[in-house]
Amino acid sequence: MRVLALILGLVLIAPAARAEDGYDLWLRYRPVEASARPAYAARAAAIAPPGSSAPDTPTLKVARAELERGLTGLVGKPASAAAGARDGVIQLAVAPAKDLGDEGFRIRTLAVNGRKTTVISANRDIGVLYGVFRYLELIQTRRPVDSLDLTSVPKVKLRMLNHWDNLNRTVERGYSGQSIFDWWRLPGHVDARMVDYARANASIGVNGTVLNNVNAKADSLTPAYIAKAAALADTFRPYGIRVYLSARFSAPIEIGGLKTADPTDPAVAAFWKAKANEIYRAIPDFGGFLVKANSEGQPGPQDYGRTHVDGANMLADAVGPHGGVVIWRAFVYSHEQPDDRAKQGYSEFKPFDGQFRDNVVIQVKNGAIDFQPREPFHPLFGAMPKSNLGMEFQITKEYLGFSTHLVYLGPLFEETLRADTMAHGKGSTVAKVVDGTLDDRKLTVMAGVANIGSDRNWSGSQFDQANWYAFGRLAWDPEASARDIAIDWTKMTFGDEPRLVKPVVDMMMGSREAAVDYMTPLGLHHQMGEGHHYGPGPWVSGGPRADWTSVYYAKAGPDGIGFDRTPSGSNATAQYAPAVGACFADLKCVDEKDLLWFHHLPWDYRLKSGDTLWDGMVKHYGRGVAYVDGMEKTWAGLAPYVDARRHKEVADYLKIQRDEAQWWRDASVAWFGSFSKRPLPPGEKAPARSLEYYESLKFPWAPGNGQ
Ligand code: GCV
């Protein structure tokens, strides 16, 4: 009796939804609510067996398995069509279609042999897999699937993750546990999680992954590690994902027994050719090399008086015969170069436009400094029409509060992609550079520095999954809307309850602006803690190089604050198309969100609001904190609609974020107030602690900082 009472009690107090830990990502496939279920079930009653139009390739096998898995979860196990289902058959088909390219798909409701059938078709099996994921997404987001006629083709050719994962499983700027790549046990053991990684990526169209950190070790290119990469490639292949490796430019010396890595030396070129041949023997569809050269201490062609063109083209010739590409990063700056760091990438690369091989892509970070909460778009976009230019976003939140701050990056990605370079007049958006349509480039790339790790929830937090998801969706279509993506993600991740979806999406959409406000408002940048970039550090100065300090970027003093990049300052504005640069340089035209990025202004400068710059800054900090406060409250009210475990995790993190936003605000106000010497605007509270206290805080064990 007592046992029965206990069981009953447990049942009664059990949360409405069962506990989840986030492992399933947006592929949860939980049952459709009873009211909507019969209609979906009727459309998805059976799956046609493999046939001549869809032979059983490994990719079609996983497509069918995913369809079955998804439908089983959402509406119940589908029958085999052969078992005599009437309407509601789903058929996969590989059939020629001029408009679908290699990876596009079509989903149509057709009459096939008199039966109402949903046909998911593509030129190649991978398109069918993408179509299956899309079809399941339609049900997960409760869109009608009754009468479908939908075509989707990716606009960007290489949609890839860049893992900054080290061979010892630490992750540079990783905040979600260890690397998911277990190099030590590979190739003998391939963790089952690798399949889920591939499924998740395929579901959002990611078709490439760079397995190792751009701060690379030559060991990745040794036979033992090539075999390990090959085991991963074999696992990812059915999901349309190619593997790439970061290549250390000095590998010919470190593992090739040569005395030099000079790209013009025939022995060096021969080393790379032989290395490429060796890799392609093990991985026939190897994607190619990603290279960080002559940047932050990494070796490169300039070590031998050679150029980026010499280095990139030499590697391109090694992988070219196999169909491989070289992705050469434009993130370069040198401490020997006194010029504004924001100008250095453009200065080094623009003169080489048109000189890179066709299979070289120059990968450019979204902004000219380094993945800040807000940066104007990088001036190289639109400036190299005769070269392949790819986008590099950072999905992991190195400068945005790590994984404990809820910051949805969709609006950041969208803002950059929609920015108008004016390279060929109005409408020359960054998205059009990235998708190649602006200058008719075919080899296009969008890369995201991954936020994936060994944590059960993959990304360190439930909401950081949305940033991985949004990256994939925007790589498929750089003109997609961040809000629409957030809606889909929320429905798939937390369910279709309207009382949950709207507040969560609203919360997400404002979260990035809030982070800008409480960290670096009005165009301030790089004010984070030294090295690890955790928390506020506007006082960071000294050290080996000025452009690793905060004071270099804020230039705060008794006279005012901000980095003058106008013609009277570093003249970085001249690197943009004339109309864009002139606007940035003009106080009447520049958007206030970029104000202190481009201008050094007195503390009493009047903002559009009528506030002085000082008052406005303080209010922005406060606004950011208030937004996080609001998120905490909103989320608390959503408890009835979210399973307890995920709800608690998010609530805990929001509390951390709330405290850290306040810390950011207080420390920044204390520091900049020591220059402005102005009172706080009415109603604004003095920082809780002294400036000395904030400056004294040290975080030697902050994550993401080690090799
Ligand atoms: C991989 C920033 C980061 C580094 C990173 C570098 C890069 O400087 O702090 O950790 O190194 O960017 O993108 O190469």
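What you see is a predicted model; the values in this text were computed from it and never measured. We're numbering straight along the sequence, starting at 1. Only this structure's heavy atoms are used, side chains among them; waters, hydrogens and symmetry mates stay out. We count ligands from 1, going down the list as the structure has it; atoms in each ligand are counted the same way.
- For Glu392, no nitrogen or oxygen atom sits less than 3.5 Å from a nitrogen or oxygen atom of ligand 1, counting backbone and side chain alike.
- Taking any N or O of Trp164, backbone or side chain, none lies under 3.5 Å from an N or O belonging to ligand 1.
- Residue Arg185 places its CZ atom among 12 or fewer non-hydrogen atoms of other residues, nucleotides or ligands, all under 6.0 Å distant.
- Protein heavy atom closest to atom 3 (C) of ligand 1, with residue, atom name and distance, is Glu398 OE2, 3.3 Å.
- For atom 8 (O) of ligand 1, the nearest protein heavy atom (residue, atom name, distance) is Glu296 OE2, 2.7 Å.
- In this structure, the side chains of Pro263 and Phe249 come closer than 4.5 Å at one or more pairs of heavy atoms.
- With respect to Asp439 and Arg441, no salt bridge is recorded, no charged nitrogen being found less than 4.0 Å from a carboxylate O.
- A cation-pi geometry, defined here as NZ or CZ lying under 6.0 Å from the six-membered ring centre and within 45° of its normal, does not hold between Lys343 and Tyr346.
- Numbered from 1 in the order shown, with element, the atoms of ligand 1 that lie under 4.0 Å from a heavy atom of Asn215 read 1 (C), 11 (O).
- In this structure, Arg306 forms no cation-pi arrangement with Tyr304, as its terminal cationic atom is not both closer than 6.0 Å to the ring centre and no more than 45° off the ring axis.
- With salt bridges taken as basic N to acidic carboxylate O contacts below 4.0 Å, one links Glu415 and Arg374.
- Distances below 4.0 Å separate heavy atoms of Phe331 from the following atoms of ligand 1: 6 (C), 7 (C), 8 (O), 12 (O), 13 (O), 14 (O).
- Less than 4.0 angstrom separates some heavy atom of Lys292 from each of these atoms of ligand 1: 1 (C), 6 (C), 7 (C), 11 (O), 14 (O).
- With Arg173, Met528, Lys365, Arg329 as candidates, the residue nearest to atom 12 (O) of ligand 1 on a non-hydrogen basis is Lys365.
- Contact of the Phe393 side chain with the Leu417 side chain is registered, since non-hydrogen atoms from C-beta on lie closer than 4.5 Å.
- A cation-pi geometry, defined here as NZ or CZ lying under 6.0 Å from the six-membered ring centre and within 45° of its normal, does not hold between Lys350 and Phe352.
- When heavy-atom distances to ligand 1 are checked against a 4.0 Å cut-off, Val449 has no atom that comes that close, whether in backbone or side chain.
- Short contacts between ligand 1 and His533, defined as distances under 4.0 Å to a heavy atom of the residue, involve ligand atoms 9 (O).
- Annotation: atom 2 (C) of ligand 1 to nearest protein heavy atom, Asp370 OD2, 2.8 Å.
- The Glu172 neighbourhood of ligand 1 comprises atoms 1 (C), 4 (C), 5 (C), 10 (O), 11 (O), with distances under 4.0 Å to a heavy atom of that residue.
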